[in-house]
Amino acid sequence: MLAVKKIRECFPIYKKHPRLVYLDSAATSLKPQPVLDKMNEYYGEYGVNIHRGVYELSFKATDEYDLAREKVARFINARTEEVVFTSNVTDALNKLALMYAKENIKAGDVVLTSELEHHSSLLPWMKICEEKKAGLRYIPLSEEGRITTENFKKALTDKVKVVALTYVSNVMGYRTPLEEIIPLAHENGSVVIVDAAQAVQHFRVDVKALDCDFLAFSGHKMLGPTGIGVLYGKKRHLKKLQPVFYGGDMNEDVYPDRVEIKEIPYCFEAGTPPIAEAIGLGRAIDFLEEIGLKNIEAHCRELYDYALAKLSGIEGFTLYNKNADIPIIALNIDGVHPHDAATCFEQDKVCIRSGHHCAQLVSRFLNCVGSLRASIYLYNDREDIDMFVGALVKTIELFRKLDGGQ
Amino acid sequence: MNLENLYRQVILDHYKNPRNKGLKGYPKVRIKNPSCGDDITVEAKVSEGLIEEINHEGSGCSICCSSASVLSETLGGKTTAKAEELIQKFYSMIKGEDEGDEELEEALVYQGVSQFPARIKCATLPWKALERLLKGDDDE
Ligand SMILES: Cc1ncc(COP(=O)(O)O)c(C=O)c1O
């Protein structure tokens with residue numbers, strides 16, 4: 001177990017809310033002080049624009065921004081020029097879909113995805129397929145709700161040009177067997193786009209080893225600020241893409257009738273980027289590395305196992321994912337709408353998510369109107385789990401009593 | 001009011017046994033709350049400034065669904081002017097701005113929702129639908 005007391009000292013939100021039971025890190029993580037300090041330092045000490053001035057402050061800002069990109073690159077084992085800053089995963093995946101589809105998707109082609117996708121991985125392709133008269137196909141999920149290699153093989157045809165998949169489901173916490181899927185996709189001539197929004201903060205993602213073509217994640221789920229995301233793309237792919245946004249900073253030379261754009265990744269970063277946020281993300285990565293992803297993984301696993309053991313003795317609810325790979329617990333209290341339940345949890349200051357979690361096809365698959373989701377991260381401890389389980393029991397009892405009409 | 005009492009009154013009565021549920025084909029407005037899946041349609045039969053009848057249909061959490069049922073009983077039979085006034089009173093009560101007007105009758109139980117800001121939207125959804133309906137919207 002990590003020394004949670006010490007870790008929490010780094011997260012100022014616990015000073016303001018000492019009794020906070022935060023189990024919604026899959027939506028966004030809390031932010032440690034060093035990240036806030038680093039961003040403040042930018043605003044307070046060298047808060048000017050990048051790439052534009054030749055004066056010292058601008059040089060310093062540019063330097064820090066570039067350094068953040070290097071940190072991201074090292075974090076996922078990419079080259080720096082393969083790291084494009086965006087504002088979040090949604091931005092990254094939409095931009096990529098637009099850029100990639102332009103030249104590479106035509107009528108009759110197929111984009112293969114899954115019902116586990118977050119809307120930001122699914123909907124850009126849904127719209128593109130609609131427009132281009134291409135097919136959108138889903139890998140059938142296993143009974144448990146997983147994407148399996150076997151089912152992937154069944155769904156893979158020579159029409160499949162793009163495979164767009166989540167690395168980890170944000171509702172079920174299942175890890176997609178991309179290590180097996182990606183080589184098969186490549187043999188088939190398809191490119192693979194990975195939504196790693198729920199992956200990078202939990203285990204080491206090595207884009208070279210994985211051999212994915214594109215991969216995206218958001219800073220705010222990995223202790224970084226909101227407003228910054230990353231699009232990774234293999235260099236040879238990125239070099240072939242045409243930007244969708246034009247403007248300042250992304251061009252080299254402008255003539256009355258044409259523009260010569262900068263090289264990758266700068267050509268994809270039109271306008272003033274989220275400078276403080278990028279620098280903050282760099283610091284968040286340092287923070288994660290200081291604690292160690294392996295240690296975080298082990299800590300979360302231990303808490304998850306502890307939670308599942310506690311839950312196993314309780315009746316009156318349905319657990320949807322008893323074998324999650326990432327510490328996410330998805331459940332519903334039988335006969336109780338998730339929003340009604342979540343308000344009960346709120347009374348005990350237990351913050352969990354309720355609803356569709358921006359992945360409505362998962363709710364459809366589970367045949368529910370939404371679900372309750374508790375997600376665990378490095379600042380959680382056993383007490384948080386106790387509070388969560390306690391609130392669950394209380395809620396089950398409350399609604400039982402109401403049902404009984406007493 | 002604590003949560004238990006709120007749910008007790010609301011669920012026992014109107015969530016489990018909704019009044020005026022089922023549409024009959026009058027002008028209607030449908031509103032959804034996509035983040036949680038509340039999806040309510042409210043219809044009203046209005047003639048010469050009088051709301052003769054309110055019906056509703058849909059699905060969602062107990063606060064939203066029961067609120068549609070309570071709305072149909074509280075505002076059915078009122079004049080449109082009165083209904084518009086009471087809708088505004090319902091909003092200010094639920095935001096915690098006041099204790100709520102006696103005329104809100106049964107809808108007064110929703111005063112407790114003001115302590116749960118995240119649920120205000122659930123409670124007001126059917127009222128928003130009727131408000132739009134009275135302004136002349138019709139989804140048909
Ligand atoms: C799997 C997954 N993909 C994409 C997203 C979208 O992230 P963002 O809202 O930061 O763009 C999320 C988070 O909400 C997610 O969990």
Side-chain angles (χ1 to χ4, degrees), chain A residues 24 27-28 118-120 122-123 170-171 330 332-373 390-406, chain B residues 1-18 21 30-41 56-70 94-96 106 109-128:
Chain A
D24 196 18
T28 198
H118 187 278
H119 294 157
S120 62
L122 172 67
L123 296 184
N170 68 318
V171 184
N332 263 321
I333 296 175
D334 300 337
V336 181
H337 192 282
H339 268 61
D340 290 327
T343 299
C344 298
F345 281 84
E346 190 192 337
Q347 280 213 310
D348 288 342
K349 295 215 170 0
V350 176
C351 307
I352 56 170
R353 179 88 183 265
S354 59
H356 292 311
H357 322 297
C358 305
Q360 211 177 339
L361 298 188
V362 183
S363 298
R364 291 191 199 283
F365 173 80
L366 297 172
N367 204 9
C368 62
V369 293
S371 55
L372 297 171
R373 178 185 72 183
L392 177 72
V393 170
K394 247 164 78 179
T395 309
I396 292 172
E397 278 167 5
L398 168 66
F399 281 91
R400 240 187 228 148
K401 218 161 77 184
L402 292 173
D403 241 0
Q406 294 141 23
Chain B
M1 188 195 296
N2 73 18
L3 189 67
E4 181 167 347
N5 284 336
L6 173 69
Y7 275 148
R8 171 163 289 155
Q9 299 185 32
V10 166
I11 293 177
L12 283 184
D13 209 17
H14 285 270
Y15 186 49
K16 297 267 156 90
N17 307 298
K21 187 154 176 163
R30 176 179 183 180
I31 304 191
K32 294 192 199 186
N33 181 356
S35 73
C36 61
D38 289 340
D39 179 351
I40 295 286
T41 304
H56 61 96
E57 184 70 75
S59 58
C61 65
S62 67
I63 291 183
C64 182
C65 292
S66 63
S67 177
S69 174
V70 169
I94 214 158
K95 281 190 224 143
E106 252 188 313
V109 291
Y110 292 91
Q111 198 210 326
V113 176
S114 64
Q115 294 161 39
F116 303 97
R119 305 304 297 284
I120 290 175
K121 247 188 173 164
C122 308
T124 54
L125 201 73
W127 298 70
K128 291 248 148 74

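Naming: A, B, ... by sequence-line order, numbering from 1 per chain. Everything quoted here is computed from the prediction, not taken from an experiment.
- Your options are B/Ser59, B/Ala118, B/Gly60, and the one with the most heavy-atom pairs under 4.5 Å with chain A is B/Gly60.
- Within the 4.5 Å cutoff, no side-chain heavy atoms of A/Lys394 are placed close to those of A/Leu398.
- Residues B/Arg119 and B/Cys61 meet the side-chain proximity criterion, which asks for heavy atoms closer than 4.5 Å.
- Residues satisfying the side-chain hydrogen bond (donor to acceptor under 3.5 Å, both in side chains) criterion with B/Ser69, sequence neighbours excluded, are B/His14.
- With sequence neighbours excluded, no residue forms a salt bridge (charged side-chain N to carboxylate O under 4.0 Å, His left out) with B/Asp38.
- Residues of residues 343-353 of chain A that come within less than 4.5 angstrom of chain B, heavy atom to heavy atom, are A/Thr343, A/Cys344, A/Glu346, A/Gln347 in numerical order.
- With A/Arg373 contributing its side chain and A/Asn170 its backbone, the two residues share a donor-acceptor pair below 3.5 Å.
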Between side-chain atoms of residues 363-372 of chain A and protein atoms elsewhere (two or more places apart, or another chain), which donor-acceptor pairs fall under 3.5 Å?
from, atom 1, to, atom 2, distance (Å)
A/Ser363, OG, A/His356, ND1, 2.9
A/Ser371, OG, A/His357, NE2, 3.0

